[in-house]
Colleague: 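Structure in structure tokens, see below.
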Amino acid sequence: MNVAAPQSPLLRWVYRGYMLAFLIYLAAPLFAAGMFAFNDSMFPALPWNGFTLDWFFSSTEPKIGMFHDRRLLRGLQNSLIIGVAVSAMAVAAGTCNAFLFERKQFPGKNIFYILMIVPLVIPGVILGISLLVFASMIANGLEETFGIEWDFLRPGIFLVILGQFSFLTTITSLVIAARLRKFDIALEEAAFNLGASRLRVLMTVTLPYLMPALFSAFVVAFLVSFENFNTTLMLVGSDAPLTITMYDRMVKVGSTPVLNAVSFFLMVGSGALALLSVVVQRKDEQT
Amino acid sequence: MHDLQCESLSKRFGAYTAVNSVSFNVPRGSFFSILGPSGCGKTTLMRMIAGFEEPTSGDIRIKGQSVLSTPPNKRPVKMVFQHLALFPMMNIGENIAYGLRCRGENKADITRKVAQVLDRVGLPGTEQKQVSQLSGGQKQRIAIARCMVLEPDVLLLDEPLGALDLKLRERMKIELKQLQHQFETTFLYITHDQSEALLMSDNVAVMNAGQFEQIGSPQELYNDPKTGFVAGFVGDSNRWPGRALSVADGKVRVALDGGGEAIATAGDDRIAAGSTVELFVRPEVLSVGPGAENRLEGTVESLLFNGASSRILVRAQGGNLIEVGQAVMDGTNRVQPGARVDIGWSHGHGRCFSVSR
Amino acid sequence: MHDLQCESLSKRFGAYTAVNSVSFNVPRGSFFSILGPSGCGKTTLMRMIAGFEEPTSGDIRIKGQSVLSTPPNKRPVKMVFQHLALFPMMNIGENIAYGLRCRGENKADITRKVAQVLDRVGLPGTEQKQVSQLSGGQKQRIAIARCMVLEPDVLLLDEPLGALDLKLRERMKIELKQLQHQFETTFLYITHDQSEALLMSDNVAVMNAGQFEQIGSPQELYNDPKTGFVAGFVGDSNRWPGRALSVADGKVRVALDGGGEAIATAGDDRIAAGSTVELFVRPEVLSVGPGAENRLEGTVESLLFNGASSRILVRAQGGNLIEVGQAVMDGTNRVQPGARVDIGWSHGHGRCFSVSR
Amino acid sequence: MARSDVTKLSFILLFAPFALWIALLIILPQLGIGYISLREKVGPGEYTFGVSNYVAFLSEPIYWNTLLRTAWMSILVTAMALIVGFPVAYYIAKIAQRRSRAALFLMCLIPLWVSDLVRAFGWIVILRETGLVSSFLQKIGLVSGPVEFLYNDATVVMGLVYTVVLFMIVPLVSTLDGMDNSLIEAGYNLGGSRFTVFRRIVVPYAMPGIVAGCIIVFMLTAGSYLTPILLGGKNSMWFTEQIYEQFVTRYNWESGATFGVLLLVFTSFVVWLGLRLTDQSLASTVAKD
Amino acid sequence: ETLRLLTWGGYAPDNVIKLFEEANPDITVEVTLSNNEEMVAKLRATGGAGYDLAQPSHDRIFAAQQEYNIYKPLDLSKVDTAALAPNLLEGVKANATIDGALYAVPHQWGTSGIVADISKAPDVKGWGDLCNPEYKGRTSMRLRRTILLGTAFSLGKDPFALYGDKAAYQTMLDEVTEKLIACKDNVKTYWNGGDDLSTLLLSGEVVVSEAWDSTAFKLYGQNKNLVYVPPETGALAWIDTFVIPRKGEADDAAYKWINFVMKPEIVKLMSDSTGAIAAVSNGIDLLPDDKKAAVKAAFDEKDLANLKFFANIPAGLEDMEGKALERIKAAASN
Ligand SMILES: Nc1ncnc2c1ncn2[C@@H]1O[C@H](COP(=O)(O)OP(=O)(O)OP(=O)(O)O)[C@@H](O)[C@H]1O
Ligand SMILES: Nc1ncnc2c1ncn2[C@@H]1O[C@H](COP(=O)(O)OP(=O)(O)OP(=O)(O)O)[C@@H](O)[C@H]1O
Ligand SMILES: [Mg+2]
Ligand SMILES: [Mg+2]
């Protein structure tokens, strides 16, 4: 018997009903957004005009499917580039941070630790504008005083990457540090003791141990980067990632079910990715 | 010939001295234990030998060569960690091969040696198993095999049985001793459990507060402790405070604080008439009934039945609690709670140590 | 008068029967232990008594009243959990006051009672301390105090010493027994450590695979086990398989599988000539040297020195390993490894049980 | 000694990326907007320093009303997320079977991986006057005409709760998961009722998780942009929207930066207050999971 | 070579891009969708970098350039000016010449006005009808400066005339604000983009709304009841222009694009996509047929003569307008 659970059957059913309602609440907008991707209509709205896959595959006007829509594909490509770059950087920096805070003792550690968490609690918009302002100040300063033009400090992919990196690093650091904390330092000492060099210990013992955390940190960072809007909005240049492209499309052109198609595609994609990360984690727990 | 020699080894952490000028030699092929309570500096000492801590002063020699400047991954000592530290991301074979690979041996040799050592620890053919598939005792053996495959001069073991459960621990004690015989390697074994140290070792060093109190064979420690700490820590003992009345011929007459007098062997030479002392008497040398050389009167407080190691708790008249060993074989107790009894023992079985205040 | 009565209590999880028709009575004020190996159903039994599991069948009565329909928070039994389950977010005083507050007693009473019970467990004035500031043994006492302050009819203890270290466990055994005396409450104590059960209990039930094998006083269990399981589980024993040759007057002549013959008391009445049996002999009843009623020849394999509970390991000619108890008091071993010895014991000390295959 | 050199070097190597990240991407940019916020525009391309931007903020009730409204709604959303999320987290951590637990948790996480935009879009499709709910209600005859569910504060709160509730559930699950069932059992055994056990044992135990979840949720809500804009009606004002307006529509970086600083300070204050009231610390709560 | 366009939704339809790339195989076109405010904000943040060609409205050039220096002067000789409607070109020239340098040429023009479902709201005449209680809860508007100006006209003022006098302008704004706050109850919601607007109207959730004529014309194609109504005080007209950002890197390609989209056959495609009228001499005639019909249904000569072109916004006014809009947004209603 699980004492934590309600004991009376009625309450148990009420509780289960609540859970079910909650899951429906979670699924409803996703379902709605996904459903109209298959509606054979120009508008993502009722009435239902029948099932079609045109919004994915059609290449003819007016129903250009998402796989033939150059701008959406470009946005997707930009998102992928940004996501991979940001995740790789954030995982690398997060690993450094994890080692720094788990393994090293230094004065002011607590303050630095809080500083590390702070980006998580700064609203994304503010991260975006502060970076925009700061980069512009530098770029303008350089231009006015030295006549140097550092265009990468202007809105564009580079700034988007920096902006997302600035808060994703906190997340990856926390994920990796949590795993590193569970690492028994005796494993490293054992490897040393068996004759391994520092680098070898890192490569054969510590990093393999951290691997599941590195992987899930990467996935989390990638997905968050992929869906990020607030920070990116302020920093985006001519190479807009997918969310911004979709937003522009929705607000400035008008939505067609192709946006639903993209949403559906993203849901399936990120669902699969999340699933993969869980599987990796689970497999790790078993060993 | 000594495999391991430590010479006035010390380690200070800031103002705190964890290991204080410890010297000892471990002869080749012997089983040497360091026994001491928690926090006395055992692990620190071992980590210095393995090279994970730098000694504040003193020297460590392995086969006569100082290893102070040798980095930990080059020292010819291998270590079995308290929680074994088997690599969870490798299977058994890879775990054991790890050290060989680091040395850069060739594949065929590695495979052969791994198979060999697995055979020797009684787990042949388990190369492909995962660490998590083994029982506690098997993991223990793999941890030892992982070190032994490298043929170290000295194997260090830091409370390797600490994590096992009671019954398994009993079995592994015997098994460890057998493994050491088989490999004929020098074992340096750390524990805070006196029964482990006594059971397996050729020699035991009793450590307290960073210092060695006594080094000797298990029998020596048990039967001829040199300090009060050793007498109290190794084996069960009754321990009564008192005052020396007179000293003669290595025998001391003691007036116990709780009342009563006894004659005992002097444990150290700082005892003089009038000095504060403690008297140690093991429960198993006490007998119930009149007629022994030393006697204390008391009332039986309770009977603690535990088969062969049962105890009678007697409250002496002066208030001291006396534990009397009593192997109950037949279910009949000779005494009952509340009964007045005489507890006796011979002079030679009591030991007396001065107490420095 | 019985404080607690269980009547053919059973608990099934799906197809698996965790507790199988267990009946027992615990007299008022006594210390009752349930001893059994891991997974035998002890915790399940206790959780049924506390009300956290519903019995599949059977009845539980406390002071004669069935409590089956009483919810767990209304039962007059309190429980000390294995890991104590002290509330980490409350201080000591609040922990102890928790139950009283739930009852709705007034502030002044609560304060007084808390102070009183802390006094009784020897930790007066610790109300304001945090749980994490206490040592293992102190936490133990707080967990008991938290229950005792509610003056329960029965106190349940589920392996409460399991998490403590060796030396502390030794001390707590005696202390627990003393606490029980002090509070004069009925204790139902669960353990898989036979020495705990023997030392503290008035009565012990030995449990195996969901069933009670035997209920009796510690002496009865130790000296007069009724089943092979009890003989093997309670106290150390040599255990040799064999075949009954003849049975007469409660004595069995056994041919050991490893060779040799012995006469032993028949432990159960299913033994007939020719049936497969196991012979149990405790190490401490064995003696080295000729002249005993039963004899086995063998070679000394090793000496395991451990003070009063030292052992000699002897390999019998047939291959059986014999553990011989030997209290070494003076440092001289009467035998040396490799020596050929005779091991003997009297008829009455061997016990023979049939093996059902 | 060679070894202490290695230690030092590895420390520097590890500290450098951290320092660069925090200094260049977090601290200096924040100081940057602080600096800009103190700039006063006197003419095209001419500036002096002063606090007039802050004065302007304080003297314009619309602005601080918006800030207060944002904070108030965020607190409401946080509370709602806690109320909605706690039973779910409790179910996942304590009631569900081991196997279904992972699956449930995963299901709860799926919406997290879809962009805000898609989710808001989904809600619009469902809730608009001609949307699914309205059509459904008409079909079953519960209402006679179409009903509008969009464009009001309740919808905004609901939509925000939707986007953030998962950030409440995750830390809650991880703290509740660490809670030994025997604590609950002990609570009952000592005579506690269901309510007592919940109030005096479960909730205090989960406190770090609750606080962590609340902080994250509050910050996310206060900083959100899309949901209040897309779901909000004609009265809906959100402070981030104001910031965006100042930066983009009004080309007024100075007051935009001022707003940014104010939002940061104000939300930090609320978080600090929350931590003080619950006696927790940032490092011990947020960093736990 | 890449041509990075910063433009409005619909101003760079895929088919036009395709044709352009076929004609100029060495150029690829990248498009970022935006609106007036964002265009200026983006270019400001980039210092005029990141894009090679932008399309703000004619009133968004003068002040932005003066303040942020984000555009570069145009070389009119590279533009095929003959194709352009002379009156629009002159208008733009008047608005976008600074220190003798011209910064913009016209591309499309259109108007803001009212769209109404004549089956349900047949009598809609002007801006004031948005606040007509008859359509309570069935009207919509975009809460931007257009509605401020429109309402001002409907109140009988001429906001453009007040541009020079900040105080008077403020007084006028206050009045407009009050009116719009009072009107708030009448409004179902404020729309944000063409999509919002279309959905609201097509679903019938809204029957009268402020609208861009282009969107209105598209809607007419879907539902003949949805008709664009130029307000009686005059539709507000804007001209979307071409400007080259200061750090544009593909000027030649930019000029090629400008000239390309002015070709009659492209104008047709373009107008089809934007719904707006090209700034060429016979712009209306080059509209696709359905749009032409919609325009003809909406405008008569009188309406065309009555167009109110946006004037350059002097610095500071935008702030005042912004505040007014915020006050409206923040005001309570149910
Ligand atoms: N790195 C360190 N810095 C400061 N003090 C330390 C350090 N390592 C150990 N100590 C201290 O040195 C003392 C000895 O520690 P050590 O680990 O050697 O004890 P031990 O005998 O192995 O104890 P146990 O049986 O509990 O493992 C302890 O008081 C410990 O607190
Ligand atoms: N809720 C349950 N569902 C299914 N099986 C259970 C459940 N609880 C216990 N069991 C099974 O019942 C058996 C007895 O469990 P129990 O916890 O009572 O053992 P125990 O004697 O207390 O063991 P230990 O000494 O290890 O605590 C075990 O095999 C266990 O797997
Ligand atoms: Mg240690
Ligand atoms: Mg149990």
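Labels below follow one simple rule: chain letters A, B, ... track the order of the sequence lines, proteins then strands, and each chain is numbered from 1. Quick caveat, the model's predicted, so the values are computed rather than measured.
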Colleague: Under a plain distance cut-off of 3.5 Å, with no hydrogens placed, do E:S209 and E:W191 share a side-chain donor-acceptor pair?
Modeller: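 Yes, a side-chain donor-acceptor pair sits under 3.5 Å.
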Colleague: I'd like to check the ring pair (Phe, Tyr, Trp, His ring centres under 6.0 Å) partners of A:F229; sequence neighbours left out, ordered by chain and number.
Modeller: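 A:F229: ring pair (Phe, Tyr, Trp, His ring centres under 6.0 Å) contacts with A:Y247.
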Colleague: Kindly write out the residues that satisfy side-chain contact (heavy atoms from CB on, under 4.5 Å) with E:E21, not counting sequence neighbours, or none if the list is empty.
Modeller: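 E:E21 satisfies side-chain contact (heavy atoms from CB on, under 4.5 Å) with A:R70, E:I17, E:T28, E:V29 once adjacent residues are dropped.
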Colleague: Let me know if E:L202 has heavy atoms under 4.5 Å from chain A in its side chain, its backbone, both or neither.
Modeller: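 Contact with chain A: side chain only.
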Colleague: Name all residues meeting the ring pair (Phe, Tyr, Trp, His ring centres under 6.0 Å) criterion together with A:F152; count only those two or more places apart in sequence or in a different chain, and write none if there are none.
Modeller: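 With sequence neighbours excluded, A:F152 shows a ring pair (Phe, Tyr, Trp, His ring centres under 6.0 Å) to A:W150, A:F158, given in chain and number order.
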Colleague: Fit a plane to each ring of E:W8 and E:Y11, take the angle between them on a 0 to 90° scale, and name the class: parallel (under 30°), tilted (30 to 60°) or perpendicular (over 60°).
Modeller: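 Aromatic pair E:W8/E:Y11 classed tilted.
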Colleague: Can you see whether E:T2 engages E:E30 through a side-chain donor-acceptor pair at a distance of less than 3.5 angstrom?
Modeller: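 No, no side-chain donor-acceptor pair sits under 3.5 Å.
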Colleague: Chain E heavy atoms under 4.5 Å from A:V133: which part of the residue, side chain, backbone, both or neither?
Modeller: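 Neither part; nothing is under 4.5 Å.
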Colleague: Do we get E:K18 above E:F20's six-membered ring, with its NZ or CZ under 6.0 Å from the centre and within 45° of the axis?
Modeller: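 No, a cation-pi geometry is absent between E:K18 and E:F20.
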Colleague: Using only non-hydrogen atoms and a strict under-4.5 angstrom cutoff, which residues of residues 135-142 of chain A touch chain E?
Modeller: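 Hits under 4.5 Å: A:S136.
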